[in-house]
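Report on the following structure.
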Protein chains: 2
Amino acid sequence: MAYLLLHGHLPDDTERVRFAQDLAGRRALSRAALAIIHEAAAANAPPMDALRMAAPVLSLGREENPLDDAMTAIASFPTIVGAYWRIRNDVAPVPVLSDIAHAAHYLHQLFGVTPSAERARALETYLNTVCDHGLNASTFAARVIVSTRSDVISAITGAVGALKGPLHGGAPGPALDTVLEIGTAERAEAVLRAKLDRGERLMGFGHRIYRVRDPRADVLAQAAQRFYTSDGDRSLYELARNVETTALRLLRERKPERRLDTNVEFYTALLLHGLGMPSELFTPTFAVGRVVGWSAHCLEQLRDGRLIRPQSTYVGPTALHYDRGSTRAAV
Amino acid sequence: MAYLLLHGHLPDDTERVRFAQDLAGRRALSRAALAIIHEAAAANAPPMDALRMAAPVLSLGREENPLDDAMTAIASFPTIVGAYWRIRNDVAPVPVLSDIAHAAHYLHQLFGVTPSAERARALETYLNTVCDHGLNASTFAARVIVSTRSDVISAITGAVGALKGPLHGGAPGPALDTVLEIGTAERAEAVLRAKLDRGERLMGFGHRIYRVRDPRADVLAQAAQRFYTSDGDRSLYELARNVETTALRLLRERKPERRLDTNVEFYTALLLHGLGMPSELFTPTFAVGRVVGWSAHCLEQLRDGRLIRPQSTYVGPTALHYDRGSTRAAV
């Protein structure tokens, strides 16, 4: 998927192997990146802040080159998040491996064990699903930055900062919290009805762009089903499906005029939770996937794009005189 | 000026003193920020890269708060650039001072001596002149980032990355290079004519927005005049005026249909050069000024703004089928 987005076509076998080797060779972090990760952990910074501090350091000691910068960022993000997570939890980071695929390597960096094929495949499906999504705010921020002919590491650093905002990637836990709060299928309707009665939004439903069921929700629901089945305990998956069906029925009943449907967040939370990630890791894991799309957008912007510099319309007072002696502006 | 942009009105005497004290109290860098500055210097990174690595570290150990983040960034940028510059040139950074104004403190951080009132005032005029300029690419990047309800440090970090691009703030030297290349007033016409004959752009003239003389050029020209006069050697200033007059005459003659006029870059270069800065410091010094505008835009965006997430129009192939066995997409 990363090759397709960066190069515009699927790789043949040789290209795929070379690409994977190239990525694997870029996984290790510099001393400087590790040092800032340690500083962030010592200050107990949120993981997205740690990623935003380590990402800009990826340019050190290398010549600027768009594709090279992109490959280094894509390869390094799992190591940054994994190393940070371990250090903050008082466990030593694990050395990078080069004989294991990208998603599996991220899980290894986080948990220190080689994941099963099913776990690696579930995360791979998630990363593929979220790797790009048009001109979302983080991708757009990256394009604005690189539109000045700045470098891809600068653009990706800006994008990490945008993604951490709660209106974008920064509030991914609540959909799962609702499922966990409900606990058993029988309670779904009562809990959800009570939420709607209190005027609360149902988290995991509705999207700024989609007025239909988010197509990514289907892919992730199937991945979650496979993964939870392979794991031997489907109960949380079954509960989530039940909560989804009930929520959609109630939303149709309450707001027939609005088309609120399941969004990507609902099954993301279920899947990442099943992989052993606390909700604090959901947004950084989103970044591990989305950095591929940011990179591809940067390459496209550098190839075809112009400076993104909107004009603004002044809507303030039409005549503003400052009197040196007064404390307020006189209009 | 910073108070006006952040608070929307000029300060009275008490507010001004308190504001200056608040800023002065935020000048010192954390150990983590200094550590990354040392790493950047060891790798001989460009100063804008060093600033982009140190800026995101400003959030460490503090609670997120928009105004607080802005004040810390504004106060810290001169220290970051000054410390970086000294370390990269193998001189120890100087301790921060709290009894000296903002612009003077930046010069002290760079050169280790308290500047004359004229030098401090010249830099102050420059910083005031460039502190804001509507929705330029770096400011827009900051607004996109903070529009997700992310934090101001993230937004400012992204803005630094945008500013470093050569289409924005990242190519400020050439206007001065032309003046220095000309050397004496008699050579101005011949050198400039030769450049125009070769189809070269005259650096320091023309602007994406202005179709008239950039109003900032006048302010900076006056500041340069005062400063070079006070310094006792006006020869470079006189030469620059001469080059400007000649360039404008030739541009009118060659391109009467285009309105190419002096832009902010021309006198910026003259002024900062006169203050002892090599051209490598021009863009970081631009950032020291513009961080005030970035901050004010972020505060406004957080107060009134919505998520900035444009839609895009797909202009690629209308049906794209990937055949697993083939190496290229079949359209």
Side-chain angles (χ1 to χ4, degrees), chain A residues 4 8-12 15 30-32 35-36 39-40 42-43 45 49 52-53 56-57 59-61 134-138 140-141 144-151 153-155 157-170 208-209 307-312 322 326-329, chain B residues 4 8-12 15 30-32 35-36 39-40 42-43 45 49 52-53 56-57 59-61 134-138 140-141 144-151 153-155 157-170 208-209 307-312 322 326-329:
Chain A
L4 173 63
H9 63 90
L10 286 169
D12 64 23
E15 288 166 333
S30 68
R31 188 194 59 186
I36 197 65
E39 293 284 358
D49 283 17
R52 189 202 61 202
M53 291 175 213
V57 178
S59 66
L60 272 189
L135 291 183
N136 53 86
S138 58
F140 187 53
V144 172
I145 291 168
V146 92
S147 83
T148 70
R149 301 275 168 244
S150 185
D151 66 301
I153 296 297
S154 289
T157 301
V160 169
L163 188 68
K164 81 167 258 206
L167 296 189
H168 190 359
R208 196 175 145 91
I209 304 294
L307 182 69
I308 301 175
R309 194 246 185 262
Q311 300 243 17
S312 54
Y322 287 103
S326 80
T327 62
R328 288 289 185 279
Chain B
L4 174 63
H9 63 90
L10 286 169
D12 63 23
E15 287 165 332
S30 68
R31 190 195 56 185
I36 197 66
E39 294 283 358
D49 283 17
R52 189 203 60 202
M53 292 176 212
V57 178
S59 65
L60 273 189
L135 291 184
N136 53 86
S138 58
F140 187 53
V144 172
I145 291 168
V146 92
S147 83
T148 70
R149 301 275 169 244
S150 186
D151 66 301
I153 296 297
S154 290
T157 301
V160 170
L163 188 67
K164 81 167 258 206
L167 296 189
H168 191 1
R208 195 176 144 92
I209 304 295
L307 182 68
I308 301 176
R309 194 249 186 261
Q311 300 246 15
S312 54
Y322 287 104
S326 80
T327 62
R328 287 288 184 285

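Just so it is clear, the model here is predicted, and its values are computed rather than measured. First the proteins, then the strands, lettered A, B, ... as listed; each starts at 1.
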Locate the shortest heavy-atom distance separating A/Ala137 from B/Thr148; write the atom from each residue and the value.
CB-CG2, 3.5 Å
Mind checking the NE2-CZ spacing from A/His168 to B/Arg309? Nearest 0.5 Å is all I need.
8.0 Å
Counting heavy-atom pairs under 4.5 Å to chain A, which of B/Gly158, B/Ala35, B/Ala159 comes out on top?
B/Gly158
So which of A/Leu60, A/Asp151, A/Leu135, A/Ile36 has the largest heavy-atom pair count under 4.5 angstrom toward chain B?
A/Leu135
Using a 4.5 angstrom heavy-atom cutoff, name the option from B/Ala155, B/Ala45, B/Gly61, B/Ser59 with the most pairs to chain A.
B/Ser59
Give me the atom names and distance for the closest heavy-atom approach of A/Arg149 to B/Pro166.
O-CD, 3.2 Å
In this structure, CD1 of B/Ile308 is separated from CG of A/Leu167 (nearest 0.5 Å) by 11.5 Å
First locate atom CZ of A/Arg52, then atom CD1 of B/Ile145, and finally report the distance between them rounded to the nearest 0.5 Å.
10.0 Å
Does any N or O in the side chain of B/Ser150 come within less than 3.5 Å of the main-chain N or O of A/Gly161, such that one atom is a donor and the other an acceptor?
yes
Note: vs chain B, highest number of non-hydrogen pairs under 4.5 angstrom among A/Val57, A/Asn136, A/Thr157 is A/Asn136
Sort B/Asp49 into side chain, backbone, both or neither according to what part of it lies under 4.5 angstrom from a heavy atom of chain A.
side chain
